[in-house]
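Both counts, for ligands and for their atoms, begin at 1 and track the order of listing. Positions are given from 1, in the same order as the sequence printed here.
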Amino acid sequence: MPDRTVLLTGFGAFPGVDDNPSARVALDLHDSVGDGWRVHAAVLPVAWKRAHDEVADLVARLKPNLLVHLGVATDSAVVRLETRAVNVLHFRVADVDGAQPTAGEVIPLAPLLLESTVDLSRLAAHARLSGLEVALSDDAGRYVCNATYFASLHAFPDIPVLFIHIPPVSETWPMARLMLTVSGILHLLLA
Ligand code: PCA
């Protein structure tokens with residue numbers, strides 16, 4: 001019986017992205033298992049307040065051993081391991097609830113920056129040795145992905161939390177390759 005749970009979240013549609021590949025990757029990996037662990041996948045709304053509330057409910061219910069958020073970065077051609085989140089709200093487009101803050105903090109009075117609680121340099125090195133193409137990134141943007149990452153790092157200091165930005169589906173990055181890369185990362189993290 002798997003005794004460890006990975007909570008893997010993707011995001012739904014948002015302005016400019018009708019079919020978010022992060023939701024499909026997460027859902028396709030739902031219930032997949034590794035050595036002593038199982039994935040629980042969920043799709044979050046691209047609405048910064050509601051997304052965090054849903055994560056908090058899931059964490060309370062599932063008590064995951066690892067929390068991995070996925071989102072799409074439409075301007076990216078690589079899979080990015082996001083090393084940190086910033087306590088800044090500056091949305092270029094509204095979220096799906098119509099909120100478009102262009103100033104202010106994700107969590108008032110929290111630090112300006114929070115680093116991932118996973119050793120991402122080590123993970124990236126292992127991933128490359130395993131033939132997975134990943135890049136380290138220190139900028140998760142200023143939109144809902146960054147806000148969700150920041151809120152999770154702040155709320156769950158005792159759980160390793162990681163954010164992976166995937167590129168849009170393309171010839172170089174077909175869905176199968178995106179899935180294999182994310183699943184490979186989970187296997188490395190839980191080995
Ligand atoms: N990407 C957006 C929000 C949801 C998603 O998949 C972002 O990078 O903030």
Practice problem: Identify, chain by chain and in numerical order, each protein residue with a heavy atom under 4.0 Å from an atom of ligand 1. | Solution: F11, F14, N20, V46, G71, V72, Y143, V144, C145, H165

Exercise. Classify the side-chain pair H69/T9 by whether it contains a donor and acceptor separated by less than 3.5 Å.
Key: yes

Exercise. Would you kindly say whether S137 and D139 are connected by a side-chain donor-acceptor distance under 3.5 Å?
Key: no

Can any side-chain N or O of [X] pair as donor or acceptor with the backbone N or O of [Y] at less than 3.5 Å?
X   : Y    : value
R80 : L136 : no
S76 : V78  : yes
N65 : I159 : no
R38 : H30  : no

